[in-house]
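Here the structure comes first, spelled out in structure tokens, and everything after it is commentary.
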2 protein chains.
Amino acid sequence: MSATWQEYLDDNQQRFVDELLEFLRIPSVSTDSAYAGDVRDAAKWISSRMEQAGIEGVQIMETGGHPIVYGEWLHAEGQPTLLVYGHFDVQPADPLGLWTNPPFEPTVVGDLVYARGASDMKGNDLLPVIACEALLQTTGTIPVNIKFLCEGEEEIGSPSLEPFIAAHQDLLACDMVVCADGGVGSKSAPVVNVGRRGLIGLEVHVTSASTDLHSGGAGGIAPNAIHALTRVLDSMRDGEGRILVDGFYSDVRPLTEEDKADIAKYPFDPVDYQAKTGVKAFFGEPEFTPQERNTVRPTLEINGIWGGYQGEGTKTVIPREAFAKITCRLVPDQQPARIQELVAAHIRKYAPAEVDVTVTAAPGDAEPYVLDKNHPGLAALEEALSAASDVAPVHIRGGGTVPITAMFKNILGVDTITLGATLGHDGAHAPNEHYSLKNFARIQAVFCMLFEKIGASVMA
Amino acid sequence: MSATWQEYLDDNQQRFVDELLEFLRIPSVSTDSAYAGDVRDAAKWISSRMEQAGIEGVQIMETGGHPIVYGEWLHAEGQPTLLVYGHFDVQPADPLGLWTNPPFEPTVVGDLVYARGASDMKGNDLLPVIACEALLQTTGTIPVNIKFLCEGEEEIGSPSLEPFIAAHQDLLACDMVVCADGGVGSKSAPVVNVGRRGLIGLEVHVTSASTDLHSGGAGGIAPNAIHALTRVLDSMRDGEGRILVDGFYSDVRPLTEEDKADIAKYPFDPVDYQAKTGVKAFFGEPEFTPQERNTVRPTLEINGIWGGYQGEGTKTVIPREAFAKITCRLVPDQQPARIQELVAAHIRKYAPAEVDVTVTAAPGDAEPYVLDKNHPGLAALEEALSAASDVAPVHIRGGGTVPITAMFKNILGVDTITLGATLGHDGAHAPNEHYSLKNFARIQAVFCMLFEKIGASVMA
């Protein structure tokens, strides 16, 4: 019998690892309907594991797509309620040839377990469940109320989640969300994420004729869809990366001196970055630092372009159509619908008169998100993480997009803090995805501490 | 027994049509090695047909690729020697589903025969052979010396032709070339082609990193290969189609008032052109007419572009590379190697510093070509064509490229006139390619007259 939750974690760690390997063997690929049964098996597996931990009212709830798992422990009377978010689906394992070990036969090498879903996010799913178990087994209670919401569609854009939350607002009512899908850096360089950029996407389609034309017979009289497209696209950014769309920056919240000082602490090693990515030079608004441009400045990127002949050799064609895909990362207080309209208006304004240009909005808009610095969950997370790290964590705003944070804010009116054990170089979505078992154990303890700190802060 | 060559042509026309159908049944697709035997069968067929017509010394000569057919009739002592050029290979018939009749089962509907190779150029191959036969059968002689050079690789860019001509300069020595691969317009709107544009091609490859990057994690610090490519490409033409490459126009021979007056006579119907092509607006240097831009002005066109994500939906990637294919049509006195270098220099000059840009020259350069207006072959062709048409022909310079004309000029030192029966709307290279049998018969007679006129002009 373990005396403290830390002893319990230590005494049972091998079992937790074995359980993780079992969970990882389920190929719960949500995007491929051939694996729909496996996604459901993963839902069943995590449900059983929750029940085993002492979570109550566990149920597999149906949606229009893959099911959602809900569970709760609500015996901390007068204490805050946390909604812990996770997902049990995984990315496809392709390209299989690049894996050293089969993606659904988890393989432990030293501290690392290699498998699809290891870092994104089956290991992280287990962290709060294990923490609840350790607290219940050693103290008989949990210092806060907990609800679990675990979905099976995160890797396909969570199409069922927003309607599910909207339809179950009483069930999911809480004081804050803890997102387990992420990381908090390493023991030596801990970070706490306090914001994410939003996202919009659109596709541009230029048409210059009803048929491709011969560059001999039509060269000099016919418009060229690709030339027109490059004209429009090149009008959108200047040579230093500033976005030239009218009004694009109007709603961007100015950075305070404190913001700038915080951002200057972000871990960023330009030499290492260049070595890993092969970028010849950093690029972007010179009046901001790389860390600022990468997290709190909005972007506009062409993600894809195509038109005309792309095969071997020469084809003397004047192409009748050309396409481009564009996405923008947004920051507070840019609104997706407004930016979508400004970019579309720019494209229409700069479209050469000799062609037709259509702009289509892509689905999947996401609002930018930033957590208030005085949020009580943030202070608790910071304290918990400090206790398990060598130095105090740095607050960072991430450059990517996690649509659920804005979703929880808009529907449930609550903020989200993030606590997971994934590291930046864990190869999520890539071959040889892996996960540190030492960090797995470390963050289990941080979850226990987080529950205690939040409980204590409100009790005090 | 026919008394005149015209009577001979009339009396035997059904046989000539039957022979054409037989020739068209051979699927001599040069680009696909599965048809190599058929290309050789086509060589044998035209060889036999030449011999049957009274052409002598007919031989199938080997090259590194498909064979070349040579034949001659050299008994017009003191008279000029014409080298008649043609080819017996055809384009692939794909897409087969768009053909109304099987492409190698020639089908006659009214005046038209439908088959792959009908207009390009098995019918035209027969024209000078039939003309020689008609002259020999009715007059016992031909008023000029004739050499035939018929290749099997025109549709794949004639890779063996230039070395063949260079290696057989004595055999092929002549006073002028008559290219049967083309057309002279209709009876009511005859044209004589006196020039062709040249061609260069190049491919641009932009690299911004060693891997595609995530637009969240890298957005704001990493360069984007597509943005850089659109910047370079958009720098090459202004909004009205003028080419901005330094020195691009320096060697363009200025148009004389006579040139302009000639070009103004070119058949061009803008309403019909827009109906057929669906172009919303004509586009190009406003200081030149459409006919000028389309024939005697050089062009620069992006023929293809690609990079990044081109699939369904959104992928938030910063692409590491992007590509474009460019060709230029050239006019006298632009030199392909010089223009190639100027365009490459422009691309290197405008390449953004944050990316690597490479420019690769495409094979298949061709010099522009223009026939001197005082060339004796041109006058003879014009007279012969006038006699078989309702009105006098218009001299035009074509917008396309026929590399053999510059090849014959450079190696053999002779000019090329063009005489064939193909019409502009005959669907060469396309499904349902067809050929007018009336025009087939008409141009047989023009060939007879051409031989007589050239013979007479020199005799006189």
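The model shown is predicted, which means the values in this text are computed figures rather than measured ones. Lettering follows sequence order; numbering is per chain, from 1.
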Between [atom1] of [X] and [atom2] of [Y], what distance do you get to the nearest 0.5 Å?
{"X": "B:Thr316", "Y": "A:Lys325", "atom1": "OG1", "atom2": "NZ", "result": "12.0 Å"}
{"X": "B:Ile221", "Y": "A:Gln274", "atom1": "CD1", "atom2": "CD", "result": "9.5 Å"}
{"X": "B:Leu229", "Y": "A:Ile305", "atom1": "CG", "atom2": "CD1", "result": "6.5 Å"}

Do any pairs count as a side chain to side chain donor-acceptor pair (under 3.5 Å) and have a residue in residues 304-315 of chain A, sequence neighbours left out, and if so which ones?
->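 Not a single pair qualifies under side chain to side chain donor-acceptor pair (under 3.5 Å).
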
Toward chain A, the part of [X] with a non-hydrogen atom under 4.5 Å:
{"X": "B:Ala218", "answer": "both"}
{"X": "B:Val232", "answer": "neither"}
{"X": "B:Phe288", "answer": "neither"}
{"X": "B:Ser215", "answer": "both"}

Who wins among [options] for the most heavy-atom pairs under 4.5 Å with chain B?
{"options": "A:Asn224, A:Thr230, A:Leu233", "answer": "A:Thr230"}
{"options": "A:Thr327, A:Val355, A:Ile326", "answer": "A:Val355"}
{"options": "A:Gly313, A:Ala225, A:Ala228, A:Ala362", "answer": "A:Gly313"}
{"options": "A:Leu213, A:Thr299, A:Ile226, A:Ile318", "answer": "A:Ile226"}
{"options": "A:Ile302, A:Val317, A:Thr295, A:Thr207", "answer": "A:Ile302"}
{"options": "A:Thr211, A:Asn294, A:Asp356", "answer": "A:Asn294"}

Among residues 277-284 of chain B, which residues come closer than 4.5 Å to chain A, judged by heavy atom distances?
->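 Listed by number, the contacting residues are B:Thr277, B:Gly278, B:Val279, B:Lys280, B:Ala281, B:Phe282, B:Phe283, B:Gly284.
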
Looking only at heavy atoms, which of residues 198-206 of chain B get nearer than 4.5 Å to chain A?
->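 Interface residues of residues 198-206 of chain B: B:Leu199.
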
What residue, out of [options], has the most heavy-atom pairs lying under 4.5 Å from chain A?
{"options": "B:Pro223, B:Gly157, B:Pro270", "answer": "B:Pro223"}
{"options": "B:Glu285, B:Arg293, B:Met236", "answer": "B:Arg293"}
{"options": "B:Gly364, B:Ser235, B:Pro319, B:Gly241", "answer": "B:Pro319"}

For [Y], is there any backbone N or O sitting under 3.5 Å from a side-chain donor or acceptor partner on [X]?
{"X": "A:Asn303", "Y": "B:Gly308", "result": "no"}
{"X": "B:Arg297", "Y": "A:Gly220", "result": "no"}
{"X": "A:Arg329", "Y": "B:Gly219", "result": "no"}

Mind listing the closest non-hydrogen atom pair of B:Lys276 and A:Ser210 along with its distance?
->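 Result for this residue pair: O-OG, 4.2 Å.
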
Between A:His227 and B:Leu300, is a side-chain contact (heavy atoms from CB on, under 4.5 Å) present by the stated rule, with each step listed?
-> CA-CA 10 Å; A:His227 277 280; B:Leu300 183 153; 4.0 Å; yes

Between A:Phe323 and chain B, which part of the residue has a heavy atom less than 4.5 Å away: side chain, backbone, both or neither?
->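 It is neither, since no heavy atom gets under 4.5 Å.
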
Counting only heavy atoms closer than 4.5 Å, note whether A:Asp212 contacts chain B via side chain, backbone, both or neither.
->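 For A:Asp212, there is no contact with chain B at all, as no heavy atom is under 4.5 Å.
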
Salt bridge (charged side-chain N to carboxylate O under 4.0 Å, His left out) pairs, two or more places apart, involving residues 216-240 of chain A =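 Non-adjacent pairs meeting salt bridge (charged side-chain N to carboxylate O under 4.0 Å, His left out): A:Arg231-B:Asp234, A:Asp234-B:Arg231, A:Arg237-A:Glu301, A:Asp238-A:Arg242, A:Glu240-A:Arg242.
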
